**Student:** 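What follows is a structure written as structure tokens; I'll ask about it next.
Everything quoted here is computed from the prediction, not taken from an experiment. Quick note on labels: first sequence line is chain A, next is B, and so on, each numbered from 1. Hydrogens, waters and symmetry mates are skipped; everything else that's a heavy atom, side chains included, is used.
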Amino acid sequence: MPQILLIYLISSLAIFILPKWVDERKPILLGLINLGAFIFFFLGIPFISGQIQYTRFISWIPEIGLNLEFVLDGLSSIFALLITGIGSLVFFYSYRYMKGYSRTKPFYFYLFLFGGAMLGLVLSGNLIQLFIFWELTSFLSFLLINFFHEKPEARRAAFQSLFITVFGGLSLLSGIILIGSDVNSYSINVWIANADIIKASNHYVPGLILILIGVFTKSAQFPFHFWLPGAMQAPTPVSSYLHSATMVKAGVFLLARLSPALGGTFEWTHIIPLAGVITMLIGSYFAITQTGLKPILAYTTINALGVLVLLIGIDTKLSIKAAMLFLIIHAFYKATLFMVAGMIDKKVGTMDINKLGGLLKYLPITFIITLLAVLSMAGLPPMLGFLGKELIYEAKIQSPGIANLVLFLGVASNVLMIAVSLFFVYKIFLGKPQPFEKKPNEKGPGFWLGPLVLVVLSLFFGLFPSILGSTLVESAVSTIREEDIIVKLKLWHGFNDVFFLSLFTVILGFALFFLLIKRDRLLARWRALNRSIFKFKLTELFDNTMEGFVNFTTRKSRAIQHGYHRYYILTIILFTSVLIWYQVFVTGGFKLNASFSLDPFYISGLIAVIISAGTFSIFAKTRITSIIALGVIGYGISLIYLYYGAIDLSITQIIVETIIIAMFALVLQKLPRFAKLSSSITKFRDIIVALIFGSVMTLIALRAIDIDFLDPISKYYIDNSMIKAFGKNVVNVILVDFRALDTMGEVIVLSIAAFGVSLLLQSKTGKT
Amino acid sequence: MNSVILQIAARYVRWMLLIFALVALIRGHNYPGGGFIGGLLAGLALIYDGFAFDHKRISKKRKINPVGYIGVGLLLIFISLLFGILSGDVLMKGIWISLNLPLLGQLKLGTPFIFDIGVFFVVIGITILFFLSLKRR
Amino acid sequence: MEVLIAILVGFLYAAGVYMILRRSIVKFIIGIILLSNATNLLVFLSAGLTAGSPAFLSDQVSSQQEFSDPLPQALVLTAVVIGLGIVVFTIALKYKFFEVTGADDLDQLKPTDNQK
Amino acid sequence: MNCVALPILIPLVLMIMQIFFRRKIFSQWLGISGSLLLLLSTFYLFGQVTKHGILTLNVGGWPAPYGITLVIDYLSILMLVISAVIIFCISIYAVSFLKTTGEKQRFYIAFYALILGLNGAFITGDVFNLYVWFEVMLISSFVLITLGSSREQLSGGIKYLSLNLIGSLLFLAGIGLLFGKTGTLNMAQLAEILREDDSAILLNTSAMLFFVAFGIKAAIFPLFFWLPASYHTPNITITSLFAGLLTKVGVYTMIRFFTLFFVQDQPFWHNLLLTLAGLTMFIGGSAAIAQYEIRKILSYHIISQIGYMVMGLGIFTPLGLAGGIFFTLHNMIAKTNTFLVSGMVFKLKGNYHLKNIGGLVKESPLLAVLFIIPAFALAGVPPLSGFFAKFILIKAGFEDGHYFVTAVAVFTGLLTLYSMIKIWNEAFLKKSPEDPSHEKDKIKLSLLEVLPSILLGLISLGMGIFASSVFGYTMEAANQLINPSIYIETVLYNQ
């Protein structure tokens, strides 16, 4: 299995180096590669009945539980087949569809890699590995939705989808890590084996919620569903792929995958169905009022995802069975319908249902295809969709928990779905013929071949459902439920509750449909009603929130990075003072042993001179006096050094002080006079700050003298200076021998400073 | 500043300062002084010269190149490092030779001394450079 | 004596901090010089003061003698010299800034942070 | 021969050579070949470290703790290797991007002085020596940041200089106090003393000074002001260099000090570090999304990402530290790369402001690829390096029970993503706002400009794909930091 992913990676990279004659046909080639992978998984079906799984383990970073595990079992097999199968059809389709666009190379690169990432996702047996593929699909879909990137809407939609899915992805990652820390592994099999520990842990509920946020964002569940309609900004093949077999199905997959490990609890059977049922209703409700083909389909996808999530959340044998079947059904009809929509767009030039109509005359084959797909979507016989709907009803009836609500809303949503489906096909192919600029025709099988294959399959499985039931669905359900389950599917169940419920739904659906087509104004009113009830759209809410946040941070960053040099300094000084004072209090730094003495008096006097010179220098009115006072301080300090036996230091201090004063005086001639720039309140505040800082420095300096952990290392220098370094001046020996590296650094600082000074002052630039 | 008195004084002060700087450098290992102090003094001597005669004299007429001083100084420092390595020992290891000179008596010369001379040159260079750049304005 | 010098250190810090909080370039430089003096003195002080003879050895080895600690002296010396380089660079930078903008007011630096 | 000093000897020689040789072309080629030499020597040292463990060198042959000891452990060598890679890339990049400034020679002198200080800081085992290297680095960065002396640079430079100056003064004061209390400067000996002594808690006051000093260098909240004030002013080559290296030295020293000897009163430190880390991440990240100037966005990002590194230190488990180090390494590479790319954007468009540029994806698809790799790496997109760094950090955070700060870390990832997408959308995807009629002569990027970015991009990718070995090394580093006994032993007793 890893080899297949490698093939995907290599062939996607190979797109960039194809010779010209292959390059023109690269979608065909990529479709064939997908087909090959499909055949591989198809041939594998007989080997993975029931709970049997094939795993491949590659150690990656085992220390942090990150390994490559590939699992092929019933569940991943269904998904892999859908991804590769529909993938190959999508590529064949886009050979026709994408003709005439420039820069298709990156497009195919992303699309193919997208398929590969999705395949990697469903084959992952390690949750972190799964997350990696999960994020890859998010980012690749971002790049795909951005195909028409010069349109602002496309950029906006791409960004929304990315932001929402990455938000979910990060939340998913947190959830995985949180729960993974309980069992010390991210391997799904380990999680399943330790399901009891996980469910008993404190981390279970927060972890589950985080994971569910991930699932809900990816699978477009309420309230994160709004990115999905935007994603139709992508070229149609992408939408077709994204809605049917990839991306949005990732969440469903993960939910199914984790249900043995996390499922069955109160939280699981209540949160998930609730989200599912709301999403289902929203999807079908808004589908009706859309005017574009793609938006209609997008909302029906939301509906389908709601159904899938609901079914997995109900978490019974029957509901899982229904979910797996519906997964396949939905993939088939949704891929078909998107391809049809794209085809109509290409042939007629619009996807607005109000500008479409009467296409039956021109596109009979397409009509049949669409009709069959739509029947499947509406859940009408003889299509596979019918079977699915029956099963879903059965599962809903038998569901524990919030069954009544689920059933009621389920019927309502199905009524809407039937109406939408019929409306869809009616508006395009029947209805009023519209004047088209160019006469559409059926030329070129490239457009309808893929959809045809899918509807034929859908019909075939609808008539002979047991073929599907006893193989794929059965092993997937067995995998999820962790027990061997026999699945028998048949089209006709007899006259039971479910049948009558279906009949009821169909009648209502047809009634609604007729109402819609007979009363044009009804729909318009409905739309108006929606607009007034749902004042804000979630997309706009999202945009406004983002914008509000950006504005907030703009103001905030202005406030923080305000540009006033002295307030930066003030902040730093205050921060330091607070930290140090805090530590002084904590460590009881007030107990000092040092005694205050004024002896010898001349040093005391010297200090008094320095302090008064300092005060003078601060408050001096002219610059030159200020600087002279500064000199007094410097020379005074050098005398202190001298008193404590630091001759070299003292000389150096004097010379350095002299140079600084001289330099200062040199430039001072050109610098302006002191201006009175600060108010007295500012001055007072600054004095307080300065005193806070100065006093704490005094305090800790005294502390430092008090504490001595061990004898200083200096004795070594005195002992060895003569013997080993042949110098009597220990300070100098330290400078040039013991710690010569410091001196070297010091000299380099000086040299660079000198270069810098000459550079600054010589450069003639400036005055800009 | 083209004071005549200053110029006359400079002829003597210059040499005195230079000699003083050299003494500080050489004695540095045993008595107060050393490369840094010596270098500063020498630098001051040259600056004094500049004050007296106009700074151009330093840079143009005498062709004193402060960057060159710095370069030479750093090179000397590097050479003193290199000795330790070349002699197969660790970086900066002091290598000493003992000279018996007739007049000065026994004199110990070692790589730390080269290091100190390097510092001396760098400090001369930077002092002049500082001065020149500020003065040129 | 330590207490007094410690107070001096504190005073120099306070003076330096007060000066670098001013808007004038010249005052800022004075503040930096004061702070760097304060820090050097702090290093010198906290290493312990011994009013002993300077650490010059004589040929007759007598390590019994009480020397003042040479290491902090060397450290402070290095720090002083480094301080020289940096202070001179600061002076040059501020001078250049004044030359370019013609203002002694550090609040004039504001626009670099806040341009959109 | 003991090669521990190579990382400082090579830049020293190069610096001296640059002083003597003034020919432009010579400086350039010397620059590139010298950086390559440095890179190779760090590789060699890396091999040595993996083979022999911690390497030490007592400069001048004076035994520790009396002389200055140079120490290379896993943390040092990882930092050395990554910074050598960046230096190599920058030296190639500099060739064409410094064409406009006439100060090539001075650039190279200061450039190598900066590297000298940087490498010195990475390998020194002596507190005061560290200060000296910091100053070397600081003064050369002052020179570099004001190279060109435009008004903007000067005012940015002043803020950069004054705030950093306060940082180094506090650092020096801290050293003085530390030395006053312990009587030693050798890090290993300090660790030995302070780890065993109960009253070492008294040192926390001086530890505060170090914390603030390194905090200023690392640009953590609330000490970061100098960074956004100055990083957008100099030539882009210099900004890239700073962005990749300078703040990370602050992080490095912080990690070094707060694992080696300031380990008293751990709950206090860790809470402080984690709180500030969270604030740094969030404030940096959210300030970034408000900007429209590419370099400012990236500058605020540096701050945000420093938060992650500090968070790794604050978690203080081997995994947390390893995550922090991993993040640092990844960030150095990716961050430099984004700045390099922004330089190329400027070259093509003549502007850094997102509102004035656009359409680059058509104009230069290669540049789009070059941008998207580091941008996605920074946003933490798997399988690039950033994902693993973040993953390890989040894992460590959750497992150690720091839910809040970890949640902030996760959320900040979203902010990072937002600002990267902002650049991507505005500069690359959007239609160019320029008038298409007066199409300028097509400016082409030369190989020397693109090459460093390609190299760094490949490394980002490689650090992701071979995350297991990178993680192994960072884990080794973290273990060495958590158990410093080996470090102490090697430095003080095995000579």
**Student:** A side-chain contact here means heavy atoms from C-beta on lying under 4.5 Å apart; do T571(A) and L223(D) qualify?
**Tutor:** no

**Student:** Would you mind telling me which of L579(A), L170(A), I752(A), D742(A) has the largest number of heavy-atom pairs within less than 4.5 Å of chain D?
**Tutor:** D742(A)

**Student:** In Å, rounded to the nearest 0.5 Å, how long is the span from CE of M475(D) to CD of E63(A)?
**Tutor:** 8.0 Å

**Student:** For a side-chain contact (heavy atoms from CB on, under 4.5 Å) check, start with the C-alpha distance between F167(A) and F411(D), then their side-chain angles and the critical distance, and finish with the verdict.
**Tutor:** CA-CA 8 Å; F167(A) 165 72; F411(D) 178 68; 5.6 Å; no

**Student:** Against chain A, label I421(D) side chain, backbone, both or neither, depending on which of its atoms sit under 4.5 Å from a heavy atom there.
**Tutor:** side chain

**Student:** Set out, in order, the CA-CA distance, both residues' side-chain angles and the distance that settles side-chain contact (heavy atoms from CB on, under 4.5 Å) for L12(D) and M744(A), then state yes or no.
**Tutor:** CA-CA 10 Å; L12(D) 179 66; M744(A) 189 183 95; 3.9 Å; yes

**Student:** Could you go through H565(A) and I158(D), starting from their C-alpha distance and side-chain angles, then the distance that decides it, and tell me whether this counts as side-chain contact (heavy atoms from CB on, under 4.5 Å)?
**Tutor:** CA-CA 9 Å; H565(A) 180 244; I158(D) 285 181; 4.2 Å; yes

**Student:** Please confirm whether the backbone N or O of P65(D) pairs with a side-chain atom of Y716(A), one donor and one acceptor, at under 3.5 Å?
**Tutor:** no

**Student:** Measure V212(D) against the heavy atoms of chain A and call it side chain, backbone, both or neither at under 4.5 Å.
**Tutor:** side chain

**Student:** So, taking the atom named OG1 in T553(A) and the one named OH in Y300(D), what distance separates them when rounded to the nearest 0.5 Å?
**Tutor:** 10.0 Å

**Student:** So M15(D) and I748(A), do their side chains get closer than 4.5 Å, heavy atoms only?
**Tutor:** yes

**Student:** How many angstroms lie between CD1 in I283(D) and CD1 in I560(A), if you round to the nearest 0.5 Å?
**Tutor:** 4.5 Å

**Student:** Hey, which of I372(D), L116(D), V136(D) has the most heavy atom pairs under 4.5 Å with chain A?
**Tutor:** V136(D)

**Student:** Got I177(A) and F391(D) here, is their nearest side-chain heavy-atom distance under 4.5 Å?
**Tutor:** yes

**Student:** Relative to chain D, which of I580(A), L136(A), D182(A) shows the most heavy atom pairs under 4.5 Å?
**Tutor:** I580(A)

**Student:** Under 4.5 Å from any heavy atom of chain D, what part of F755(A) do you find: side chain, backbone, both or neither?
**Tutor:** both

**Student:** Compute the centroid of each ring, for W60(A) and then for F388(D), and state whether the two points are separated by less than 6.0 Å.
**Tutor:** yes

**Student:** Can you confirm if the aromatic rings of Y582(A) and F268(D) lie within a centre distance of less than 6.0 Å?
**Tutor:** yes

**Student:** Contact part of L178(D) toward chain A, heavy-atom cut-off under 4.5 Å: side chain, backbone, both or neither?
**Tutor:** neither

**Student:** Taking side chain as everything from C-beta outward and backbone as N, CA, C, O, which of these in L138(D) sits under 4.5 Å from a heavy atom of chain A? Side chain, backbone, both or neither.
**Tutor:** neither

**Student:** Using a cut-off of under 4.5 Å for heavy-atom pairs, which of I572(A), V550(A), V166(A) has the most such pairs with chain D?
**Tutor:** I572(A)

**Student:** Is L144(D) close to chain A through its backbone or its side chain, or both, or neither, when contacts mean heavy atoms under 4.5 Å?
**Tutor:** neither

**Student:** So D126(D) and R739(A), do their side chains get closer than 4.5 Å, heavy atoms only?
**Tutor:** yes

**Student:** Please classify the contact between E746(A) and chain D as side chain, backbone, both or neither, with a heavy-atom cut-off of under 4.5 Å.
**Tutor:** backbone

**Student:** Decide side-chain contact (heavy atoms from CB on, under 4.5 Å) for K430(D) and H149(A); before the verdict, give the C-alpha distance in whole Å, the side-chain angles of both, and the deciding distance to 0.1 Å.
**Tutor:** CA-CA 7 Å; K430(D) 185 180 70 184; H149(A) 54 73; over 6 Å; no

**Student:** Quick check on L210(A) against chain D: is it the side chain, the backbone, both or neither that has a heavy atom closer than 4.5 Å?
**Tutor:** neither

**Student:** Of the backbone (N, CA, C, O) and the side chain (C-beta and beyond), which part of I289(D) lies under 4.5 Å from a heavy atom of chain A, both, or neither?
**Tutor:** both

**Student:** Between R155(A) and K431(D), which heavy-atom pair has the shortest distance, and what is it?
**Tutor:** NH1-N, 4.4 Å

**Student:** Against chain D, work out which of S174(A), S138(A), A158(A), A753(A) has the most heavy-atom pairs shorter than 4.5 Å and name it.
**Tutor:** S174(A)

**Student:** For Y186(A), is it the side chain, the backbone, both or neither that has a heavy atom under 4.5 Å from a heavy atom of chain D?
**Tutor:** side chain

**Student:** Could you look at A288(D) and say if it's the side chain, the backbone, both or neither that has a heavy atom under 4.5 Å from chain A?
**Tutor:** neither

**Student:** Where does F142(D) contact chain A at under 4.5 Å (heavy atoms): side chain, backbone, both or neither?
**Tutor:** neither

**Student:** For F131(A) together with F387(D), are the ring centres under 6.0 Å from each other?
**Tutor:** yes

**Student:** Side chain, backbone, both or neither: which part of I734(A) has a heavy atom under 4.5 Å from chain D?
**Tutor:** neither

**Student:** Contact part of Y66(D) toward chain A, heavy-atom cut-off under 4.5 Å: side chain, backbone, both or neither?
**Tutor:** both

**Student:** Considering only heavy atoms, which portion of F142(A) lies under 4.5 Å from any heavy atom of chain D: side chain, backbone, both, or neither?
**Tutor:** side chain

**Student:** Relative to chain D, which of P206(A), G745(A), P106(A) shows the most heavy atom pairs under 4.5 Å?
**Tutor:** G745(A)

**Student:** Considering non-hydrogen atoms only, spot the tightest contact between L177(D) and A701(A) and give its length.
**Tutor:** CD2-CA, 3.9 Å

**Student:** Heavy-atom pairs under 4.5 Å with chain A - which of F428(D), W424(D), Y131(D), F221(D) has more of them than the others?
**Tutor:** W424(D)

**Student:** Report the option among L414(D), V361(D), I216(D), V143(D) that has the most heavy-atom pairs separated by less than 4.5 Å from atoms of chain A.
**Tutor:** L414(D)

**Student:** Could you look at I465(D) and say if it's the side chain, the backbone, both or neither that has a heavy atom under 4.5 Å from chain A?
**Tutor:** backbone

**Student:** Can the ring centroids of F376(D) and F139(A) be said to lie less than 6.0 angstrom from one another?
**Tutor:** yes

**Student:** Working to the nearest 0.5 Å, report the span between CE of M208(D) and CD of Q583(A).
**Tutor:** 4.0 Å

**Student:** Out of V757(A), L173(A), I128(A), which one racks up the most heavy-atom pairs below 4.5 Å with chain D?
**Tutor:** I128(A)

**Student:** Measuring from atom CD1 of I64(A) to atom CD1 of I392(D), what distance do you get when rounded to the nearest 0.5 angstrom?
**Tutor:** 4.5 Å

**Student:** Among M137(D), K395(D), E399(D), who wins on heavy-atom pairs under 4.5 Å with chain A?
**Tutor:** K395(D)

**Student:** Which answer fits Y567(A), side chain, backbone, both or neither, if we ask what part of it has an atom under 4.5 Å from a heavy atom of chain D?
**Tutor:** neither

**Student:** Calculate, to the nearest 0.5 Å, the distance between atoms CD1 and OG belonging to I700(A) and S206(D) respectively.
**Tutor:** 6.5 Å

**Student:** Report yes if the side chains of W226(D) and Y568(A) come closer than 4.5 Å at any heavy-atom pair, otherwise no.
**Tutor:** no

**Student:** So which residue, G397(D), P222(D), A287(D), ends up with the most heavy-atom pairs under 4.5 Å with chain A?
**Tutor:** P222(D)

**Student:** With a 4.5 angstrom heavy-atom cut-off, which part of N551(A) approaches chain D: side chain, backbone, both or neither?
**Tutor:** neither

**Student:** Between Q561(A) and F225(D) (side chain of the first, backbone of the second, donor and acceptor by atom type, cut-off under 3.5 Å), is there such a pair?
**Tutor:** yes

**Student:** Taking side chain as C-beta onward, heavy atoms only, is I139(D) less than 4.5 Å from L750(A)?
**Tutor:** no

**Student:** Please look at I166(D) and chain A and tell me whether the side chain, the backbone, both or neither of the residue comes under 4.5 angstrom of a heavy atom of that chain.
**Tutor:** side chain

**Student:** Is there a side-chain contact between F575(A) and L276(D) (heavy atoms, below 4.5 Å)?
**Tutor:** yes

**Student:** Are F549(A) and S286(D) close enough that some pair of their side-chain heavy atoms sits under 4.5 Å apart?
**Tutor:** yes

